[in-house]
Amino acid sequence: MKALDELTFDNRFARLGDAFSTHVLPDPLDEPRLVVASNAAMALLDLDPVVAETPVFAELFSGHKLWAEAEPRAMVYSGHQFGGYSPQLGDGRGLLLGEVYNQAGEHWDLHLKGAGLTPYSRMGDGRAVLRSSIREFLASEALHALGIPSSRALCVIGSNTPVWREKQERGAMVLRLAHSHIRFGHFEYFYYTKKPEQQKELAEHVLSLHYPECMEQPEPYLAMFSEIVERNAEMIAKWQAYGFCHGVMNTDNMSILGITFDFGPFAFLDDFDAHFICNHSDHEGRYSFSNQVPIGQWNLSALAQALTPFISVDALKEALGLYLPLYQAHYLDLMRRRLGLTIAEEDDQKLVEQLLKLMQNSGVDYTLFFRRLGDESAALAVARLRDDFVDLAGFDAWAEQYKARVARDGDYSEAQRRERMHAVNPLYILRNYLAQNAIAAAESGDYSEVRRLHEVLSKPFDEQAGMEQYAQRPPDWGKHLEISCSS
Ligand code: AMP
Ligand code: MG
């Protein structure tokens with residue numbers, strides 16, 4: 001375990017120099033205070049969790065103090081936003097403070113979001129408000145606990161600094177951790193500004209530090225791109241299987257590591273709805289829940305375009321062609337497990353599709369359905385769940401198929417079935433209304449609800465005593481909350 005001043009830095013991205021990022025000091029927040037910290041994320045830096053309660057912790061993660069070895073930098077990138085190319089983006093309000101390596105030899109970027117103006121702030125104020133910082137914190141840690149690759153969050157620091165959005169709010173900072181903050185948009189920036197040398201340097205950096213195993217391949221860049229395709233296919237399969245809607249899948253928000261990244265108006269589905277749009281500025285539904293799958297491919301094509309200086313178009317196309325089959329294989333595998341099935345059968349895809357259609361038509365709670373399906377034997381579970389459906393004949397037909405399918409799957413006890421299914425079907429997810437309750441309390445100075453919700457979501461598969469209220473369908477006010485994309 002380390003104290004805060006014992007972190008070891010190795011700022012590999014900063015060493016790439018001024019063509020890639022600009023030195024900027026964080027602009028401190030007034031009266032910083034700890035809102036919430038993640039012990040699991042602290043452990044990634046070998047930090048003793050008790051240090052979160054010390055005043056210096058809040059000072060370090062609100063821009064008042066800096067390690068001597070930190071080299072705060074704002075990164076430059078570009079990207080496709082809602083399908084159109086934005087030539088100049090970059091860290092407009094976040095800073096890469098430096099890269100820390102831990103005792104296990106892993107490097108972690110420390111990225112401070114909400115740290116003030118940078119050369120890439122454009123019309124923005126460089127700040128992040130408490131509400132969006134809490135949402136990013138809760139989502140990163142909750143996704144990780146579900147087994148969905150994500151950036152991590154160390155803490156949220158609140159303050160008295162006024163920040164103007166639709167109304168006056170308070171500024172906050174979230175400390176984000178990831179092995180890299182390089183986005184698809186980094187490659188696009190150097191491609192479209194026609195800087196082949198820097199683009200090559202960036203590609204070498206990513207290849208050698210993040211995809212070293214690809215360097216052994218005959219075509220290392222192609223191997224790296226194929227790996228990125230595979231990781232994205234797997235990540236999006238997990239989003240779809242668990243009902244996570246990202247909301248702003250612009251290429252500047254897509255990580256080169258295939259992790260969920262840059263949280264905005266994201267949501268987990270309450271009722272299953274394939275057409276759900278969580279971002280209320282997304283008028284055309286470009287990033288609706290079901291569109292995430294083709295958009296994943298669209299984004300990879302945008303990255304492929306930026307990699308044409310290194311890889312032949314034919315090879316890129318072939319690698320892109322892997323996306324959908326890989327996605328489908330990962331998705332079906334997860335959905336089979338969510339249904340409690342252990343072997344694959346040809347018609348499983350249909351079984352899943354039919355169920356989702358029935359759930360869609362009846363507005364069935366996506367998370368609780370699967371959890372309850374594993375509570376008891378297949379026959380008892382479907383008999384109990386039947387009441388949630390409007391199309392009873394449709395559900396009965398599905399239930400008959402499902403029971404027959406379970407019977408063919410194998411002979412296991414109810415207890416084995418429950419254990420296996422509960423290990424993949426969470427009881428607790430980050431419902432928008434739960435986040436909203438925690439934010440409302442935090443905005444009035446009470447951080448206990450954020451902390452409790454974070455605790456509950458860190459063990460989403462384990463039933464926790466006294467936490468029944470976190471495993472309910474949303475109340476009427478909490479359904480279809482409009483989450484502002486201002487943050
Ligand atoms: P986002 O939609 O949060 O992924 O941000 C898109 C771009 O806008 C990125 O370059 C951000 O750094 C920038 N940005 C977002 N909010 C602000 C803000 N309040 N101040 C400065 N830049 C911002
Ligand atoms: Mg972004």
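Note that the structure is predicted; figures quoted are calculated from it, not measured. Throughout, residue positions are numbered sequentially from 1 according to the sequence presented. Only heavy atoms go into these numbers, but all of them, side chains included; no hydrogens, no water, no symmetry mates. Order of listing sets the numbers, starting from 1, for every ligand and every atom in it.
The protein atom (non-hydrogen) at minimum distance from atom 6 (C) of ligand 1 is Q81 NE2, 3.9 Å. Protein heavy atom nearest atom 5 (O) of ligand 1, with residue, atom name and distance: D252 OD2, 4.8 Å. Here the heavy atom of the protein found nearest to atom 20 (N) of ligand 1 is G126 N, 2.8 Å.
If you number the atoms of ligand 1 from 1 as listed, the ones under 4.0 Å from a heavy atom of R165 come out as 19 (N). Here is the list of ligand 1 atoms found below 4.0 Å of a heavy atom in D262: 4 (O). If you number the atoms of ligand 1 from 1 as listed, the ones under 4.0 Å from a heavy atom of G124 come out as 18 (C), 20 (N), 21 (C).
With K479 as reference, D271 is the one residue of D271, D365, D270 to meet the salt bridge (charged side-chain N to carboxylate O under 4.0 Å, His left out) rule. When each of R93, R135, R127 is tested with S487 by the rule side chain to side chain donor-acceptor pair (under 3.5 Å), just one qualifies, namely R93.
If you look at D125 next to ligand 1, the close heavy atoms, those under 4.0 Å, come from the backbone and the side chain alike. Only the side chain of R122 comes within contact range of ligand 1, with a heavy atom under 4.0 Å; no backbone atom does.
Taking any N or O of R127, backbone or side chain, at least one lies under 3.5 Å from an N or O belonging to ligand 1. Inclusion of G92 in the set of residues having an N or O under 3.5 Å from an N or O of ligand 1 is warranted. The shortest N or O to N or O distance between R93 and ligand 1 is below 3.5 Å. Here's the thing with G90: one of its N/O atoms is less than 3.5 angstrom from an N/O atom of ligand 1.
Ring geometry, F13 versus F20: the interplanar angle exceeds 60°, so the pair is classed perpendicular (tilted spans 30 to 60°).
Using a cutoff of 4.0 Å between basic side-chain nitrogens and carboxylate oxygens, D30 and R170 are not scored as salt-bridged. Using a cut-off of 4.0 Å between Lys/Arg side-chain N and Asp/Glu carboxylate O, R231 and E234 are scored as not salt-bridged. A salt bridge is defined here as a Lys NZ or Arg NE, NH1 or NH2 lying under 4.0 Å from an Asp or Glu carboxylate O, and K238 with D333 fails to meet this definition. By the 4.0 Å N-to-carboxylate-O rule, R176 lies too far from D109 to be salt-bridged with it. With respect to the salt-bridge test (charged N to carboxylate O, under 4.0 angstrom), the residues D5 and K65 do not qualify. Under a 4.0 Å N-O distance rule, the pair R183/D262 qualifies as a salt bridge.
Residue F461 qualifies as enclosed at atom CZ: its count of foreign heavy atoms under 6.0 Å is above 12.
In summary, the aromatic rings of Y221 and F225 are positioned with their centroids too far apart to meet the 6.0 Å limit.
Ligand 1 lies less than 4.0 angstrom from a heavy atom belonging to N253. Within the structure, the closest approach of K113 to ligand 1 does not fall below 4.0 Å when heavy atoms are considered.
Taking 2.8 Å as the criterion, D262 counts as a coordinating residue of the Mg ion (ligand 2), since one of its N, O or S atoms falls below it. Within the 2.8 Å limit, N253 places at least one N, O or S atom next to the Mg ion (ligand 2).
Contact annotation for atom 2 (O) of ligand 1: protein absent (non-hydrogen atoms, distance under 4.0 Å).
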